[in-house]
Q: 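Starting off with a structure, shown below.
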Amino acid sequence: MKLKNYAEGRWVEHKGYGFEQYNAITGDLISTASSEGLDYEAMTDYARRIGGKALRSMTFYERGFMLKKLALHLDSLKKKYYQISYLSGATKSDSWVDIDGGIGTLFTYASLRRQLGNQRFYVDGDTAKISKNNTFVGQHIMSPKQGVVVHINAFNFPIWGMLEKLSANLIAGVPAIVKPSEITSYLTQAMVEDIIASGIVPEGAIQLDCGKGHGILDTLGSQDLVTFTGSATTGRMLKSLPHIIENSIPFNMEADSLNAAILGEDSAPGTANFDIFIKEVRREMTTKAGQKCTAIRRIMVPENYLEDVQIALGKSLAQTTIGDPANEKVRMGAIVNKSQVDVVRNRVLEMSQKTPIVFGDLDKFEVIGADANKGFFLPPILMLNENPLINTDSHDIECFGPVSTLMPYNGIEEAITLAKMGKGSLVSTIATSNVHIATEYAIEAASYHGRILILNEASAPESTGHGSPMPQLMHGGPGRAGGGEELGGIGSVKHYLQRTALQGHPSMLTEITQRYQYGGVYKEKDVHPFRKYFEDLEIGDTVITAKHTITVADIVNFANVSGDNFYAHMDETSLEGTTFEGRVAHGYFVLSKAAGLFVDAKKGPVLLNYGLDECRFTKPVYPGATIGVRFTVKEKVNQEKKSEDDVAKGIVKFLVDVYDETGDTVALATILTMVKKRNQEDEL
Ligand code: NAP
């Protein structure tokens, strides 16, 4: 069967013979994949004209909601992907990381919609004050790039690899051309077929090239981007294409890395931490048959524990049953294809010249439920490098399979040196409960790592593991690991956005950004904002309240109610050496009294007040001072209904500016209210 590519709104069969994709367990031919017949110029143009335009007509909020729908849809179909995933040699738990992990990432990115707001651009950070009288301010906004991103992925995570990247570009509003590895593109293709058929994502937002993709970057321009996951060699070659450099095309690279796991000196044999360490290393060596960019490739242990670790790890690895993942007894599946088996074997043989194999035999191992001569199997291999400061093979050569090297260290400083000899890694783990060891390692090794896991008895029960990048946290690493950054919540969304500094009068910037800028014009209306529905509130709507003169009785009463008898409020004689000139009103009283002034008490569209975002007490308030409030609609954040019978509502942020008789601001806060919508049918 010829795998179809999805280009310019159509599924098209590839031309020519194509690359042969084989079942990793049986060795049978599954399908062929090729890029032949694809017109990259037309595809990139289509993405920009059709997909980009459609995505940019939506707000961040709407795109986030779209991701949620997509995640729910794919989740309902996932059984099918698990069946296909077996063909790549993956076990059920390997596939869980790929399939459920990928869909989970979509869900996480969908949730960012509340943070990103209901505009077609994102307002980034606070206003910059750049003038004395506040008539000229600056505000960064970020808007979607008007190009296309090409996602080039490695073979090992055909689903997660695609979805973790699509999550960010789709919510950002940028269309993508997905290019999985031709080795496993049959699985990516199955999911893309469902995405396209669902109609959830606008046409042109996703196109698919299941083949080699050579030339796919040639037609990119200055608004386009590339993300790459794969080997450092391929990544460097593509990143340095003259065309990429000349057009300053952002190129995010995730490459192979030789990740380390370090057993802390406190985690001696016989301790719970020791057992946790052995379990983690075994899991990272055997999950996905070691074909993971985050797998543990270097195991560093105190020299006096070396033998114990070797024995314990050997015993643990001996329990790894290899074979057909459909068989319940099997714990480790196959390598993806014959040529990958050959690459791993050759690298192990090359390394074994100086680094002997101490567990596992490349030629002798049992396979359950499959024919070892037809499928693409390898056993776990543990090597020993007794002189890791001199013999650097283990820090240079990546065996992308169930292979890892054990090495001794003498003191935490040496462990850090060894970890750094990987020249930049995605992740490392240190198994320790000792705060000094953990702190020393975290601080000294951090600049060489994208992520550091501190594993011990306390963190292990809920640890997500050494090998799992989390969507909320950055995935990537410096140096050899490619120098890229993916995931990290909003962090990766920003890769697809252009940051622009807007400068002007606060009133103008309020209108453009739809976020009230301090110093902007107040829109005083006859109707109090608490009497208005969500849709009817305008940014800048303001109430200038009645006033109140603070008394000593206010302070005493508030102290009685709250129990806050701090000396500055209660003891006139204690103020020497403080900044206060007399008894000062509690900041919380000032804010509470402000609420008494700005709240419109009758039942109306405001459902509740659920907190404060920012709060500052900027000037002491003494008895005799007269305060009033400027209460202004600062920002509106949409919310969708949680269920059909939920009340349609949104969040309204109000700026509370409390000022005294001199006009000076004494307290500033942003309060958050939930406000009913007039249109209760509104889905979004
Ligand atoms: P690879 O050989 O470097 O290929 C990576 C991707 O680049 C594949 O889709 C490949 O396509 C494509 N490619 C190669 N030449 C190209 C060209 N001239 N133009 C456009 N695309 C081109 O890596 P792999 O063997 O698939 O994956 C294994 C490696 O990836 C390991 O070294 C592993 O450490 C690394 N990896 C890193 C991460 C990470 O997040 N850092 C994650 C997973 C894997 P074809 O396969 O179709 O030829």
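Just so you know, ligand 1 is whichever comes first in the structure, and atom 1 is the first atom listed for that ligand.
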Q: Under a heavy-atom criterion of less than 4.0 Å, does Ile183 contact ligand 1?
A: no

Q: For Asp100 and Tyr82, which I'm curious about, is there any donor-acceptor pair between the side chains at under 3.5 Å?
A: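 On atom types as modelled, these side chains qualify, holding a pair under 3.5 Å.
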
Q: For atom 47 (O) of ligand 1, what is the nearest protein heavy atom, given as residue, atom name and distance?
A: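 That would be Glu182 N, 2.8 Å.
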
Q: Is Met237 in contact with ligand 1, taking contact as a heavy-atom separation below 4.0 Å?
A: yes

Q: Do Asn385 and Ser394 have side-chain N/O donor and acceptor atoms under 3.5 Å apart?
A: yes

Q: Side chains of Asp94 and Thr91: any donor to acceptor distance under 3.5 Å?
A: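 Side-chain D/A pair, Thr91 to Asp94: present.
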
Q: Heavy-atom contacts with Glu398 under 4.0 Å: which atoms of ligand 1 show up? List them by number with element.
A: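 Counting from 1, the qualifying ligand atoms are 31 (C), 32 (O), 33 (C), 34 (O).
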
Q: Looking at Phe155, which atoms of ligand 1 are within less than 4.0 Å of one of its heavy atoms?
A: 24 (P), 25 (O), 26 (O), 27 (O), 28 (C)

Q: Whether the Thr32 and His14 side chains hold a donor-acceptor pair (N or O, under 3.5 Å, no angle test) is what I'd like checked.
A: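 The criterion, which ignores hydrogens and geometry beyond distance, is satisfied for His14 and Thr32.
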
Q: How far is atom 12 (C) of ligand 1 from its nearest protein heavy atom, and which residue and atom is that?
A: Ile152 CG2, 3.5 Å

Q: Which protein non-hydrogen atom lies closest to atom 36 (N) of ligand 1, naming both residue and atom, and how far is it?
A: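 Sorting protein heavy atoms by distance from atom 36 (N) of ligand 1 puts Cys293 CB, 3.6 Å first.
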
Q: Checking Ser35 side chain against Lys212 main chain: does a donor-acceptor pair fall under 3.5 Å?
A: yes

Q: Give yes or no for whether the N/O distance cutoff of 3.5 Å, strictly under, is met between Ser181 and ligand 1.
A: yes

Q: In terms of side-chain geometry, is the basic nitrogen of Lys78 or Asp75 positioned less than 4.0 Å from the acidic oxygen of its partner?
A: yes

Q: By number and element, which atoms of ligand 1 are closer than 4.0 Å to a non-hydrogen atom of Gly213?
A: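 In order of number, 19 (N), 20 (C).
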
Q: Would you call Glu486 a ligand 1 contact, heavy-atom distance under 4.0 Å?
A: no

Q: Please write down residue, atom name and distance for the protein heavy atom closest to atom 9 (O) of ligand 1.
A: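 The protein heavy atom lying closest is Asn153 O, 2.6 Å.
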
Q: Examine distances only and state if a side-chain atom of Lys2 and a backbone atom of Gly16 form a donor-acceptor pair shorter than 3.5 Å.
A: yes

Q: Would you mind listing which atoms of ligand 1 come within a distance below 4.0 Å of any non-hydrogen atom of His214?
A: 15 (N), 16 (C), 17 (C), 18 (N), 19 (N)

Q: Would you check if there is a donor-acceptor pair between the side chains of Asp98 and Tyr81 at a distance under 3.5 Å?
A: no

Q: Identify, for atom 41 (N) of ligand 1, the protein heavy atom at the shortest distance, and state residue, atom and that distance.
A: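 For atom 41 (N) of ligand 1, the nearest protein heavy atom is Ala255 O, 2.9 Å.
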
Q: Under a 3.5 Å cutoff, is there a donor and acceptor pairing between the side chains of Tyr109 and Ser492?
A: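 Present: a donor and an acceptor within the cut-off.
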
Q: Answer yes or no for Phe157: is there a heavy-atom contact with ligand 1 below 4.0 Å?
A: no

Q: Give the residue, atom name and distance (to 0.1 Å) of the protein heavy atom nearest atom 5 (C) of ligand 1.
A: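 Atom 5 (C) of ligand 1 sits closest to the protein heavy atom Thr229 O, 3.6 Å.
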
Q: Pairing donors with acceptors under 3.5 angstrom, does anything connect the side chains of Lys165 and Thr229?
A: yes

Q: For Leu238, counting its heavy atoms only, list the atoms of ligand 1 lying under 4.0 Å from any of them.
A: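 It comes down to these atoms of ligand 1: 17 (C), 18 (N), 19 (N).
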
Q: Check Asn156 against ligand 1 and report side chain, backbone, both or neither, counting heavy atoms closer than 4.0 Å.
A: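 Side chain only.
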
Q: Establish, from distance only, whether the side-chain atoms of Thr184 and Ser181 form a donor-acceptor pair under 3.5 Å.
A: no

Q: Can you tell me the protein heavy atom closest to atom 35 (C) of ligand 1 and the distance?
A: Gly230 O, 3.1 Å

Q: Relative to the heavy atoms of Asp256, which atoms of ligand 1 are at a distance of less than 4.0 Å?
A: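 Within the 4.0 Å cut-off of Asp256, ligand 1 contributes 32 (O), 33 (C), 34 (O).
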
Q: Heavy-atom count around Lys494 NZ within 6.0 Å, excluding the residue itself: above 12?
A: yes

Q: Only heavy atoms of Phe228, strictly under 4.0 Å: list the atoms of ligand 1 that pass.
A: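 Taking each heavy atom of Phe228 in turn, ligand 1 has 3 (O), 5 (C), 6 (C), 7 (O) under 4.0 Å.
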
Q: Just to check, does Gly476 reach to within less than 4.0 Å of ligand 1 when the distance is taken from its heavy atoms?
A: no

Q: With a 3.5 Å distance limit and no angle check, can you tell me whether Thr44 reaches the backbone of Glu41 through a side-chain donor-acceptor pair?
A: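 Present.
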
Q: What about Thr234: any of its N or O atoms under 3.5 Å from an N or O on ligand 1?
A: yes

Q: Can you list the ligand 1 atoms lying under 4.0 Å from a non-hydrogen atom of Lys212?
A: 20 (C), 21 (N), 22 (C), 47 (O)

Q: Taking NZ, NE, NH1 and NH2 as the nitrogens, is one of them in Arg347 or Glu350 under 4.0 Å from a carboxylate oxygen of the other?
A: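 Between Glu350 and Arg347 there is no salt bridge, as every charged N stays at least 4.0 Å from the carboxylate O atoms.
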
Q: Just to confirm my output: which protein heavy-atom neighbour is closest to atom 23 (O) of ligand 1, and how far is it?
A: Ser231 N, 3.4 Å

